[in-house]
Amino acid sequence: MKKINLYFLFILFMLFGACDNFNDPESPYLEKYVVFGNISGNMPMIDDTIYVSRSASLDEIIDADQLWINDAIVTISGDGNEYQASLVPGHSGDIKQIHQLFSKQASSINFQFQLMVKS
Amino acid sequence: MKLLKRNSIAISVWLGIIFCQQSTNQVYGFITDSTSGEALIGANVFIRESGQGMATDNNGYYVLSNIAIQEAQLVVSYVGYKRYEKSINFSEIASQNYNIALQPESIELMQVDVTAEEIERLNKIEPSRVNLSPRILKAQPSLAEPDIFRTIQSLPGVLTTSEFSTGLVIRGGNTDQNLILLDGITVYNPSHLGGLFSNFIVDAVKDAELIKGGYNAEYGGRLSAVLDIRSREGNRNNFEGSSSVSLLSAQTTLEGPFLNGAWLVAGRRTYFDKILPLLPVNFDLPYYFYDLQGHVFTDLNEKDRISLSFYRGVDDLKFKDLDLESDWGNKTLSLSYRRVFNEKLIGNFLAANSQFYTRFGLGGDAGIQEYNPLSDQTLSGDLAYFHNQDFNVFFGAQAKSLSITYNSKFNDRILFDSQTKPFETAFYTKIKWKPNQRFIIEPGVRLITFSSHSDGLYPDLRLSTKFIIDESRFINFAIGNYHQFISTFQDDFTAQILDSWFAIDETGEPSRASQAVLGYEQFIGRGLKVQIEGYYKKITDMLTYEESRATTDGSFENKSLLDLLTPADGYAYGAELFIQQSTGKLSGWAGYSWSVSRKLMNGKEYFTNWDRSHVINVLANYQASPKWEYNLKFTLQSGQAFTPINGYFLQNLPGETQQGYRTIPATRNGGRYPSFHRLDLGAVRHFDFKGRKFDVFMQVINAYNRKNIFTYTYPLGNTFNGIDDDRDWDRKDHENNGNGRPDKGEPNVDEDDEGRIQRNPVSLFPIIPTIGITWNF
């Protein structure tokens with residue numbers, strides 16, 4: 001009888017103790033805007049490119065091409081100037097491009113992105 | 001000098017115990033196999049009248065001292081061999097030497113010697129120990145091609161990181177936390193891809209012991225478990241061999257006499273890379289491996305023996321379509337010397353070299369190239385003093401010189417380049433003490449130094465105890481702390497198929513663990529064993545790769561490890577139930593384990609990659625007749641933890657012509673794969689043709705073709721690539737051209753909703769049948 005009780009206790013222990021008591025924090029999906037910039041430092045901004053899109057959840061039924069944002073206003077400010085990116089001609093509206101020549105004497109330029117998305 | 005003075009009394013007592021020999025009755029010697037001359041490890045030697053006895057050690061040596069009676073019956077018992085008995089009279093000679101050769105017995109007639117087993121249980125502490133010698137493998141249910149690792153995977157508390165993995169996860173400890181030894185040499189990668197074969201050819205293995213936790217001071221350098229494997233020595237009387245051929249592999253073992261000893265060589269090579277393309281299965285695996293294992297020894301005289309042991313193995317994987325090339329391998333060579341100083345003191349001394357390397361390339365010369373060679377030169381000495389059956393002392397030392405290189409580059413640009421040459425020393429002592437008939441106590445201490453922390457001395461304290469309730473019921477307890485100075489790269493997001501080793505440097509602390517094991521075991525009737533065991537393990541400073549930098553960041557040359565890796569802590573606990581039947585037509589075991597394995601990094605706690613809450617394993621063998629036997633292995637495991645993906649975003653990097661994207665991970669290891677289960681079946685037909693024995697075996701791995709999920713992939717589809725990205729194409733309903741594949745223009749191909757990422761499960765092993773033949777010559 002003692003032998004059986006010991007194994008029975010083990011099974012009970014497994015049943016009760018095996019419950020998952022861990023409450024790991026969830027990381028739910030949060031939609032975010034994504035900005036990719038391809039800008040070279042200390043170089044004139046010619047054909048430098050900025051991409052603007054948004055993220056999508058795994059379950060969202062949307063074609064990936066529709067994630068690009070074509071009506072964002074993208075400006076770069078620095079060195080006392082502000083430059084607005086323009087849409088790349090020939091594209092469907094997903095790419096912004098900046099065309100600007102800087103003075104050769106400029107040793108460094110700090111960039112700040114300002115992204116405005118039309119609702 | 002002060003240290004010496006202070007400890008002079010203790011040293012004197014120690015020396016007195018070792019060298020002061022009473023003139024008592026004793027018997028000693030070696031136990032061997034009568035046909036091959038091989039030493040037998042773990043043979044039970046006892047005095048019938050008094051019950052005092054011991055199991056032979058790794059040398060096959062025994063000594064029974066303080067035998068109070070003048071006329072005694074010496075009994076030797078060993079599974080697979082005929083019981084040996086001899087009458088001894090001590091009236092004229094008190095100390096007598098008997099080297100005994102046991103005669104093998106056919107396995108069908110083999111019975112468990114209950115008396116001998118009882119004596120072994122009363123004298124040996126075995127918390128979390130499992131003996132896996134070939135004699136046990138052959139007596140226990142085994143698959144048609146016996147393999148030590150496949151048997152290990154069916155034990156409670158043992159998992160693999162994935163179905164494709166080469167490593168063992170034992171009680172929540174990572175794969176690099178297990179010490180794998182072959183004839184005393186550390187083997188850094190002990191199994192082949194797929195988890196079906198270990199490096200060790202069973203025909204060349206004499207003994208294998210797995211200690212799942214709470215191991216004592218004779219082992220060190222790892223945090224979790226120990227697998228100690230000894231090679232067979234070879235037949236010192238006759239030349240003989242055996243060969244085996246199947247659809248998966250071919251293997252040969254040859255052995256024979258050499259001077260005053262023997263030699264043995266075993267080799268194996270797989271060829272399913274050639275066979276699988278010919279089978280009607282939609283599965284290809286351009287992978288093969290080979291193993292070459294050997295041992296040679298000779299006795300210089302009655303007291304001295306020298307041995308040479310070697311191993312060479314390579315895994316080769318090449319996916320030409322993916323431009324993936326990878327190979328990795330082990331190479332070991334050791335020279336050992338055994339000296340019997342006197343009846344009670346025996347020493348083993350070793351000089352060994354072990355090398356391991358991994359080489360990985362993806363994308364050709366312009367892609368990723370990684371190379372990680374490791375070299376291990378070891379000198380060690382182990383001494384055992386058998387004072388009497390109630391008091392033994394073990395002590396030894398080890399010096400290990402390592403060289404570890406890790407080189408990673410992308411398109412000729414070096415991403416990571418590190419070379420270290422650490423040096424590790426260890427001194428240990430352990431006592432086995434039986435103060436009365438109820439207790440066996442084994443305290444031990446191991447002192448470690450490591451070159452990158454030269455001002456530190458790292459003590460590992462160990463304790464194992466056994467409480468004997470009666471001759472069939474026992475309580476085992478073990479506790480200890482452990483240090484580890486070399487590890488493999490661990491990535492919580494991506495399962496590692498290849499091991500890349502590194503050593504800690506001055507900036508980091510060694511990994512540490514504390515373990516406690518408590519178990520109860522009971523032997524019921526003839527051959528039934530029930531074991532319940534619980535454990536707790538706490539681990540600190542596991543260096544883990546944390547994906548916190550972009551792939552375009554600068555290289556990590558000559559930087560500290562902490563620039564790339566993050567220290568993490570962890571803990572694991574669980575309980576196991578193990579029921580084993582050793583005798584009868586139906587033999588085998590069933591095991592259940594419940595476990596939790598957690599990690600803590602940067603203040604966040606999460607499940608480890610390999611956490612699986614519940615595991616059930618069944619291994620069974622049925623001896624239907626002298627000619628037929630059947631076996632099965634079944635495993636059912638709850639889903640393994642993984643990090644799910646819950647979103648994605650588009651990414652266009654300079655120079656990329658195709659649309660790129662990146663996935664967004666959810667809670668680290670917060671998801672679970674579906675449950676894993678698999679059934680392997682086998683049948684063996686024994687033949688005897690004109691005195692020659694051979695076996696035909698048939699085996700089916702994954703008998704009901706379960707598609708266990710190895711991982712998920714998240715490809716980005718589109719509506720014009722001619723691929724069924726969301727995998728809803730059905731051959732019966734949508735096929736137009738009869739080729740059995742989805743093609744452009746067919747229904748459910750290039751649908752409007754395919755232009756996004758899809759979650760696709762990836763399974764590895766389909767049903768794999770194999771047939772083969774084994775013969776002896």
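So that the names make sense, note that chain A is the first sequence line, chain B the second, and so on, each numbered from 1. Reckoned from all heavy atoms, side chains included, excluding hydrogens, waters and symmetry mates.
Options B:I645, B:I757, B:L716, B:L650 differ in how many heavy-atom pairs under 4.5 Å they form with chain A, and the most are formed by B:L650. Between chain B and the options A:L30, A:D59, A:L58, A:L67, heavy-atom pairs under 4.5 Å are most frequent for A:L58.
Contact detail for B:Y648 and A:I62: the closest heavy-atom pair is OH-O, 4.1 Å. Between A:S27 and B:A666, the shortest heavy-atom contact is CB-C, 3.7 Å. Closest approach of A:E60 and B:R756 over heavy atoms only: O-CD, 3.3 Å.
Relative ring orientation between B:F607 and A:F22 is described as perpendicular, the plane-to-plane angle rising above 60° on a 0-90° scale split at 30° and 60°.
Heavy atoms of other residues, nucleotides or ligands lying less than 6.0 angstrom from NZ of B:K529 number more than 12. Within 6.0 Å of NZ on B:K604 lie no more than 12 heavy atoms contributed by other residues, nucleotides or ligands.
Proximity to chain B (any heavy atom under 4.5 Å) is shown, for A:Q66, by neither the backbone nor the side chain.
For B:T667 (side chain) and A:P25 (main-chain N/O), a donor-acceptor pair under 3.5 Å exists by modelled atom type. A donor-acceptor pair under 3.5 Å is absent between the side-chain atoms of A:S57 and the main chain of B:N646, judged by distance alone.
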